[in-house]
*Asks:* 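Sharing a structure here in structure tokens format.
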Amino acid sequence: MATFRPGNVEELYELLEKLGSGHFGVVKRCRRRSSGTFYAAKFVKMRKCKGSRLGLDREQVEREVSILQQLEHPNILRLHDLFASKAEMVLILELIRGGELFDFIAEKETLTEAEAIEFLQQILQGVAYMHGRHVAHFDLKPENIMLLEKDVPNPKIKIIDFGLAQKLEDGVTFKSLCGTPQYIAPEVINYEPLSSATDMWSIGVITYILLSGMSPFQGETDAETLSNVVAGNYEFEEKFFSETSDMAKDFIRQLLVKEPRSRMSAAESLVHPWIKPL
Ligand SMILES: Cc1ccc2c(c1)c1c3c(c(C)cc1n2CCCN)C(=O)NC3=O
């Protein structure tokens with residue numbers, strides 16, 4: 001069970017500029033008054049009443065916190081401190097200054113295969129670690145993959161936002177309809193049991209984007225995108241993949257497999273010949 005400090009976060013942390021907001025709440029840069037160290041403060045409003053669409057259940061946030069407290073890996077963001085009041089919870093998290101991988105790709109349009117492999121090895125190491133501890137992220141997408149620093153030769157990856165993450169208990173079926181259409185696996189749309197393989201589908205989509213700048217299942221509307229995902233309807237358009245190696249395409253093909261049990265695991269992906277050449 002997570003232990004939250006009572007009281008006001010501003011007694012211990014000076015709040016600075018807003019870094020972002022979304023379903024995850026509002027994130028601000030902050031500085032610990034006693035040490036001067038910078039962190040990210042994630043403010044999550046608590047749902048006022050059961051039926052309300054505003055805010056999150058305390059249980060949801062405590063699940064995210066409990067999961068973060070079990071994870072300690074260089075490619076997974078760290079949780080430093082926790083505050084709770086009646087109306088909101090505040091997670092003090094590792095500050096990741098390099099911004100989203102998404103923006104990094106946008107600036108470069110596409111990456112070389114060597115650059116993509118550099119990032120994917122780190123993503124897969126973080127995901128293999130969390131899967132090894134029976135945690136699935138369930139919202140892997142470029143917005144949730146950030147760079148610790150970006151203007152460095154080999155940017156370090158940090159996986160963030162465990163708001164949809166779940167502890168996978170043997171024999172316990174988890175189903176959910178959350179996630180972002182472009183990146184979610186067919187079993188999410190079909191409301192079938194989810195597993196660590198669900199994350200691996202998302203990694204297949206992320207790899208496709210890293211190499212081409214295009215999203216494999218993107219349709220004109222969310223409904224069309226979801227229909228493309230369920231049909232497994234994607235291709236390696238010559239226009240975007242003419243320079244891409246067969247090994248890279250094979251890596252993606254072995255992840256964008258409709259049957260979850262037939263997809264490569266994170267551990268298997270780390271030894272795929274494209275990722276780990278002989
Ligand atoms: C420099 C910067 C800019 C935007 C940030 C962050 C850091 C950031 C951070 C975190 C989260 C959950 C969201 C964040 N966002 C919001 C966007 C995340 N996709 C976090 O946990 N540490 C961050 O630095």
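Bear in mind the structure is a predicted one, so any value in this text is a computation, not a measurement. Both counts, for ligands and for their atoms, begin at 1 and track the order of listing.
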*Asks:* For ligand 1, is there an N or O atom under 3.5 Å from any N or O atom of G99?
*Replies:*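 No; every N/O pair is 3.5 Å or more apart.
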*Asks:* L93 heavy atoms, cut-off 4.0 Å: which ligand 1 atoms fall inside?
*Replies:*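 Here the atoms of ligand 1 in question are 21 (O).
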*Asks:* Heavy atoms only: which of I159, I160, L77 lies closest to atom 21 (O) of ligand 1?
*Replies:*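 Selected option, by shortest heavy-atom distance: L77.
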*Asks:* Do any N or O atoms from the side chain of E187 and from the backbone of S195 form a donor-acceptor pair under 3.5 angstrom?
*Replies:*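 No: the side chain of E187 does not pair with the backbone of S195.
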*Asks:* Quick check: K42 and ligand 1, any N/O pair under 3.5 Å apart?
*Replies:*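 In fact, backbone or side chain, K42 has no N or O that close.
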*Asks:* For ligand 1, which atoms, with element, lie under 4.0 Å from some heavy atom of L95?
*Replies:*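 Listed by number with element, the hits are 24 (O).
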*Asks:* Hey, can you tell me if F104 and F119 have their rings parallel, tilted or perpendicular (30° and 60° cut-offs)?
*Replies:*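 Perpendicular, since the angle between the ring planes exceeds 60°.
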*Asks:* Within a radius of less than 6.0 Å around CD of E243, do more than 12 heavy atoms belonging to other residues, nucleotides or ligands occur?
*Replies:*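 For E243, atom CD is not crowded (no more than 12 foreign heavy atoms under 6.0 Å).
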*Asks:* Identify, by atom number and element, the atoms of ligand 1 in contact range of E100, meaning under 4.0 Å from any of its heavy atoms.
*Replies:*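 That gives atoms 17 (C), 18 (C), 19 (N) of ligand 1.
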*Asks:* Relative to atom 23 (C) of ligand 1, which among G25, G20, A40 owns the nearest non-hydrogen atom?
*Replies:*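 Considering heavy atoms of G25, G20, A40, the nearest to atom 23 (C) of ligand 1 sits in A40.
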*Asks:* Determine, using heavy atoms of R29 and all atoms of ligand 1, whether some pair is separated by less than 4.0 Å.
*Replies:*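 For ligand 1, residue contact (heavy atoms, under 4.0 Å) with R29 is absent.
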*Asks:* Can you confirm whether more than 12 heavy atoms, excluding those of E220, are under 6.0 Å from its CD atom?
*Replies:*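 Result for CD/E220: open.
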*Asks:* Under the 6.0 Å and 45° cation-pi test, does R32 pair with Y39?
*Replies:*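 Checked: cation-pi criterion not met.
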*Asks:* Check whether any N or O atom of E143, backbone or side chain, sits under 3.5 Å from an N or O atom of ligand 1, and answer yes or no.
*Replies:*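 So ligand 1 has an N or O lying under 3.5 Å from an N or O of E143.
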*Asks:* Would you mind telling me if ligand 1 is within reach of the side chain of K158, the backbone, both or neither, using heavy atoms under 4.0 Å?
*Replies:*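 Neither part.
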*Asks:* Check the angle between the aromatic planes of F236 and Y208 and answer parallel, tilted or perpendicular using the 30° and 60° thresholds.
*Replies:*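 Judged by the thresholds at 30° and 60°, the geometry between F236 and Y208 is parallel.
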*Asks:* Whether the Y13 and D81 side chains hold a donor-acceptor pair (N or O, under 3.5 Å, no angle test) is what I'd like checked.
*Replies:*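 A donor-acceptor contact under 3.5 Å links the two side chains.
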